[in-house]
Amino acid sequence: MFVWELSDTSANCDSFWIRRGRLGSDTGTLDQTHRALLPSYSSPLTQSRHEIYSPEGLRTDGRRWNEIRNFDCKINTHPTSADGSSYVEWGHTKVVCTVDGPREPDNRQNTTDRAVISVNVNVASFSTETRIKRQRNDKRLAEMNILIRQLLEEAVLTKLNPRTQIAVNITVIAQDGGLLPACINAACLAMIDAGVPLTDYVSACSSGVYSNNALIDLNTLEEQDVPFLTIGVIGKSDKISMLTLETQLPMASLEPVLATSLSGAHAIQDIMDAAVRKHGKHRLERK
Amino acid sequence: MISINDRKFLTEALKVSKRLDGRSMEEQRPMEVTFGSQFGHVELTMGKTKVVVRISAEITKPNERRPFEGIFVVHTDIGSMASPIFENNHQSEQEIMISQVVEKAVRRSGALDLESLCIVAGKKCWEIRADVHYLDFDGGLVDATCAAVMAGLYHFKKPDVDVDGGAVTVCDMEERHPVALSVLHLPVSVTYGLFELKNDETNEVEKVECVLDCTAIERQVQNAEITITINKNRDICQISKPSGVSIEGYRIVELCEKAFQEALKVTEMIDKALKEDEEMRNKGNWKALLSAENDRYEK
């Protein structure tokens with residue numbers, strides 16, 4: 001399995017730690033810090049079949065703490081049905097996103113001095129292991145729509161297209177953890193494909209903590225067991241634009257988890273950039 | 001809506017660390033809790049924000065997927081009575097976000113022990129319902145709701161039940177002491193407004209100011225909001241920062257530390273109010289008279 005080694009790209013993350021003065025020395029990397037924090041496992045009896053993080057430093061799917069799952073993305077997957085489209089496969093999470101616009105708004109009364117973004121996330125009922133029928137007004141989905149919309153509004157130069165609407169449709173085909181970040185990354189790629197002006201890449205990543213160890217990019221199994229948070233970042237800055245934490249997390253763990261997810265989000269931006277450039281090259285060659 | 005002049009005045013004042021109501025940047029409006037005559041009736045005021053919470057309990061069938069657990073629901077219906085910015089019978093985006101944060105802070109943080117609400121597994125359980133009414137709005141809805149619901153849960157007592165095989169008898173409150181709920185911890189929400197302070201000449205953002213407990217007017221000017229829910233055991237139950245202005249990670253960590261200090265104050269306030277109410281109800285020390293327990297003497 002291809003995994004993206006985070007330690008290569010975590011330069012920003014290191015500086016984050018050093019500035020906070022937690023490392024003690026300027027030479028230490030995030031990697032070493034976490035190795036030092038490895039817990040001492042007392043008894044083999046506590047080990048279950050689904051061990052979240054083994055003493056050897058391996059997770060349930062064989063990843064290390066700093067490895068994100070295979071992030072495979074394509075843009076312009078639906079060239080005829082939408083202005084912009086993308087497909088993101090992040091581990092077993094699969095998301096399709098289409099962007100229509102900037103176009104005439106559905107509701108003419110809603111016209112403002114800037115483009116209005118509308119987001120609609122559609123979760124396929126076969127996307128989870130057990131088939132769940134969604135309620136019609138699912139508040140969690142509504143919240144997710146709002147979170148994605150607000151993050152995109154921050155990155156899109158909406159003032160350049162006044163009195164228009166940009167409709168983002170996201171379809172979730174399969175979920176295995178990291179649903180919100182996958183949707184955000186897919187939406188960013190589709191926006192780029194549609195030619196909507198953005199200030200920079202928008203990316204998101206989740207990470208959790210398991211007995212003093214930060215774990216990046218959790219799958220469903222880990223999300224159920226481990227407290228985690230999701231951040232959304234615009235560009236490669238260490239400023240966090242969106243943050244949601246829904247499970248109880250000890251205060252001491254907040255900082256390593258933030259740092260890890262931040263470097264994860266930056267790594268995702270590199271992969272997305274590579275995919276966009278690859279597509280651009282392909283388009284140029286075809287002409 | 002706020003006028004351009006008011007907006008300018010407010011931001012200019014923030015630049016010299018002044019707020020309209022004379023508070024400092026990190027000063028929360030004091031909360032005041034009063035309990036009604038019935039168990040689980042709480043009135044909370046925080047500045048001009050006023051919230052009433054009513055906790056009630058009834059026996060229902062548990063969720064099929066969770067047969068050993070009771071049910072706890074929080075109903076937050078923000079109508080136009082609170083403020084004209086909310087509509088009746090229509091959920092605005094702001095309202096969805098508020099109710100979701102309250103839901104995460106109070107319910108999903110596991111503050112109420114759901115397993116203790118089970119009566120007969122898979123057949124009968126208690127459904128605890130918290131109805132939140134907003135009487136007046138001046139910012140800080142999440143903070144006020146969270147504190148009021150938690151105070152209500154601590155205050156509420158449900159009637160005792162007898163289980164004999166499959167038959168469940170609910171005992172009268174007069175006949176037997178009602179039982180308090182098993183509340184595991186007290187999550188406190190603290191909301192900071194983030195303001196982008198721009199340089200007058202260059203129009204570039206000079207710094208991002210974090211202002212605790214914004215009023216309704218300040219809320220209209222703020223560029224982003226971050227709500228941190230934390231308890232006195234230093235567990236962060238929830239953080240919600242929808243987009244808006246970005247902020248560095250270490251500042252979020254700092255905010256959590258400050259939020260923890262605020263949480264301690266709110267916890268203390270609720271504890272004190274509960275104690276006073278308990279003393280008032282126990283006038284004449286009837287509890288000791290009715291108790292069958294023997295005094296224990298130390299020898």
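Letters go in sequence order (proteins before strands), and every chain restarts at 1. These numbers were taken from a predicted model, which means no experiment stands behind them.
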Which atom names give the shortest non-hydrogen contact between [X] and [Y], and what distance separates them?
X	Y	answer
A:M242	B:S243	CB-OG, 3.9 Å
A:L254	B:I239	CD1-CD1, 4.0 Å
B:G244	A:E154	O-OE2, 2.7 Å

Verify the neighbour count for atom [atom1] of [X]: are there more than 12 heavy atoms of other residues, nucleotides or ligands below 6.0 Å?
X	atom1	value
B:I85	CD1	yes
B:K15	NZ	yes
B:R66	CZ	no

Pair up each side-chain donor or acceptor in residues 257-270 of chain B with any protein partner under 3.5 Å, not counting sequence neighbours, and list the distances.
| residue | atom | partner | partner atom | Å |
| --- | --- | --- | --- | --- |
| B:E257 | OE2 | B:R234 | NH2 | 3.4 |
| B:K258 | NZ | B:E26 | OE2 | 3.0 |
| B:E262 | OE2 | B:K265 | NZ | 3.4 |
| B:T267 | OG1 | B:A263 | O | 2.6 |

- request: Could you list which of residues 243-251 of chain A have a heavy atom closer than 4.5 Å to any heavy atom of chain B, in residue-number order?
  value: A:L243, A:T244, A:L245, A:E246, A:T247, A:Q248, A:L249, A:P250, A:M251
- request: Write out, in numerical order, the residues from residues 94-114 of chain B with a heavy atom short of 4.5 Å from a heavy atom in chain A.
  value: B:I96, B:M97, B:S99, B:Q100, B:K104, B:R108, B:S109
With rounding to the nearest 0.5 angstrom, report the [atom1] to [atom2] distance, [X] to [Y].
X	Y	atom1	atom2	answer
B:I247	A:D238	CD1	CG	12.0 Å
B:S246	A:I234	OG	CD1	5.0 Å
B:E248	A:S237	CD	OG	8.0 Å

message: Is A:R140 in contact with chain B via its backbone, its side chain, both, or neither, using a 4.5 Å heavy-atom distance?
response: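 Interface part for A:R140: both.
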- prompt: With a 4.5 angstrom heavy-atom cut-off, which part of A:L151 approaches chain B: side chain, backbone, both or neither?
  reply: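 Both backbone and side chain of A:L151 come within 4.5 Å of chain B.
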task: Tell me, for B:I230 versus chain A, whether the close heavy atoms (under 4.5 Å) come from the side chain, the backbone, both or neither.
output: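 Contact with chain A is through the side chain of B:I230 alone.
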Partner set under salt bridge (Lys or Arg N to Asp or Glu O under 4.0 Å) for B:D213, not counting sequence neighbours: B:R23, B:R29
